[in-house]
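Quick notes on the structure that follows.
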Amino acid sequence: MNGTTAPPPPPPEPLSAPRRARASIALVFCVHGAVSGSFVTRIPWLQDRLDLSTGQLGLALVMPAIGSSLAMPLAGRFVHRYGGRAAVRGLISLWCLALALPALAPSLPVLCAALLVYGAAAGMADVAMNAQGVEIEERLGRSIMSGLHGMWSAGGLLASAFGILAAHLDLDARLQLAVTALVLLALAQPVCRGLPDIRAHEGAEEPPRFALPPRSSLVIGLVGFCAVFAEGASMDWSGVYLRDVTGASATVAAASYTAFSLTMAVSRLAGDAAIRRLGAVRTTRVGGAVATVGGLLVVAADSPALAIPGFALLGIGIAVIVPLAFAAAGRIGSNPSQAIAGVATVTYTSGLIAPAVIGALAQATSLTVSFGLVTALAFALLLSAGALRLAERNSGGGNVTATSPEKPSGKDLSTI
């Protein structure tokens, strides 16, 4: 024979401590969410300190999504070069430290640059930890991704509570975010020790710096797009809708974001049980149906008593869709991290444009018509759910047999 045959990749290291691995990745998600929750609560302080107009603030808040989209494809190279555990530890540490940057900005251009770095760190850590979560899920042989994203939401809610308290006490955000960054950084280090050390096999080709995501991930990304559009629209506009359309008081309208976030967090934490029982596709279809009913209630609402349950049903219906999209993407082809980055890019884009689209459509027509679009996208989940069939591989539902943790899949770990 001419030439030599590359040695096959070694089988994945079995999880010697599966509960520890699952707990570790869950806490990584919690830390990631806590960084986001800490920053969001101090946005008004940033606007006041730099005397930004609404348009200038909107421009600055576009930067994290741009930074994330540009940097996410690089996460695969970090994992390939340093291994999964070290990559997650390094990137989540960078993300924690990036929390302190925006508050230090003395002007709008510097703030935009700081938020670009902040978003890049967020996106790379996001891809690395979701890839790690998919790998742990595959080795455990049961769905955990919804619960992991629920931990992200819980971390965000917990951190936002501290942020609200800091704002109430009129603490300088530079001090508060710097201290929070150091505390979260310190928490992240021991948490990452329990992650499996996923490494590339010898001779594996390094992933490209930038590459278009596989076409199959774009189809999955469109499912996530529908869910994140509904999430972004509801979070940003539910309070305005309750105030302007249903005549809710300022207190009820202001509480709508917290209520919607709590609904999402609880549904994600409980979502794995539904996924194991129904499978990814049926869970998505049920979620789409629930979200559609919620959207119809919102559109028909003429009082808070009808709109609030509508927003709650929207949150319940879409809660598990993005975790399932990441789980499905992580099982595509030979480069799961590239596929996860592709899905993340599409979903980040949806979250970026949703508030603007809702606002523009409401300006041209009405908020009721805008949420008619949200309802239509929720219904689209019923039609597109089949794209998430790959997420059933280890969900314990559907016709796909779950992979036993004692029988590793043999996946090329260089691409996780």
Side-chain angles (χ1 to χ4, degrees), residues 33 36-37 40 146-147 149-158 160-161 164 223-224 226-275 277-278 282-324 347 350-351 354-355 358 362 367-382 385:
S36 294
V40 167
S146 179
H149 283 255
M151 287 297 292
W152 188 94
S153 299
L157 284 169
L158 184 62
S160 67
I164 291 169
V223 180
C226 294
V228 173
F229 191 100
E231 179 181 350
S234 298
M235 283 190 167
D236 286 13
W237 286 97
S238 57
V240 177
Y241 194 97
L242 284 166
R243 183 193 66 196
D244 293 353
V245 177
T246 70
S249 67
T251 302
V252 172
S256 62
Y257 170 80
T258 301
F260 185 84
S261 297
L262 280 170
T263 302
M264 290 280 293
V266 171
S267 298
R268 282 177 169 172
L269 289 170
D272 286 316
I275 295 166
R277 184 177 183 85
L278 301 176
R282 279 190 287 175
T283 299
T284 301
R285 287 178 178 150
V286 170
V290 171
T292 301
V293 172
L296 290 173
L297 285 176
V298 170
V299 169
D302 57 1
S303 68
L306 199 59
I308 291 173
F311 282 115
L313 289 175
L314 268 170
I316 292 169
I318 64 177
V320 302
I321 308 302
V322 172
L324 285 174
T347 56
S350 179
I358 293 297
L367 269 175
T368 301
V369 173
S370 294
F371 275 87
L373 174 61
V374 172
T375 305
L377 290 175
F379 182 75
L381 293 171
L382 285 162

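Keep in mind it's a predicted model, so treat the numbers as computed, not measured. Residue numbers start at 1 and run along the sequence shown.
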Starting from the C-alpha separation in whole Å, work towards a yes-or-no answer on side chain to side chain contact (heavy atoms under 4.5 Å, CB included) for Phe229 and Leu373.
CA-CA 10 Å; Phe229 191 100; Leu373 174 61; 4.0 Å; yes

Contact between Met151 and Leu269 at the side-chain level, heavy atoms closer than 4.5 Å - yes or no?
yes

Correct closest heavy-atom pair for Cys226 and Ala380 would be SG-CB, 4.1 Å

Any heavy-atom pair between the side chains of Val320 and Asp272 that's under 4.5 Å?
no

Would you check if the side chain of Thr368 reaches a backbone N or O of Val299 as a donor-acceptor pair within less than 3.5 Å?
no

Using every non-hydrogen atom in the two residues, find where Arg285 and Leu382 come nearest and quote the distance to one decimal.
O-CD2, 2.9 Å

Indicate yes or no: at least one non-hydrogen side-chain atom of Ser36 is less than 4.5 angstrom from one of Trp152.
yes

Could you check if a side-chain atom of Met264 sits within less than 4.5 angstrom of a side-chain atom of Ile318, using non-hydrogen atoms only?
yes

I'd like to check Leu324 versus Ser146 (side-chain heavy atoms, cut-off strictly below 4.5 Å). Are they in contact?
no

Any donor-acceptor N/O pair, Thr283 side chain to Leu278 backbone, under 3.5 Å
no

Kindly write out the residues that satisfy side chain to side chain contact (heavy atoms under 4.5 Å, CB included) with Ser303, not counting sequence neighbours, or none if the list is empty.
Ala305, Leu306

Hey, mind stepping through Val322 and Arg268 against side chain to side chain contact (heavy atoms under 4.5 Å, CB included) and telling me if it holds?
CA-CA 10 Å; Val322 172; Arg268 282 177 169 172; 4.2 Å; yes

Which atom pair, heavy atoms only, marks the closest approach of Ala154 to Ala265?
N-CB, 4.4 Å

Taking the side chain as every heavy atom from C-beta outward, state whether Val374 and Ile358 have any pair of such atoms under 4.5 Å apart.
yes

So CG of Leu313 and OG of Ser267: to nearest 0.5 Å the spacing works out to 9.5 Å

Interatomic distance, CZ@Arg243 vs OG@Ser249, rounded to 0.5 Å, equals 11.5 Å

Shortest non-hydrogen contact from Ala307 to Val298?
O-CG2, 4.0 Å

Under the 3.5 angstrom rule, does the side chain of Thr263 hit a backbone N or O of Ile316 as a donor-acceptor pair?
no

For residues Arg277 and Arg282, report the shortest heavy-atom separation together with the two atoms involved.
O-NH2, 4.3 Å

Of all heavy-atom pairs linking Val228 and Thr347, the shortest is CG1-O, 3.3 Å

Backbone N or O of Asp302 within a donor-acceptor pair of the Thr246 side chain at under 3.5 Å?
no

Phe371 and Val245: CA distance, side-chain angles, deciding distance, side chain to side chain contact (heavy atoms under 4.5 Å, CB included) verdict
CA-CA 12 Å; Phe371 275 87; Val245 177; over 6 Å; no

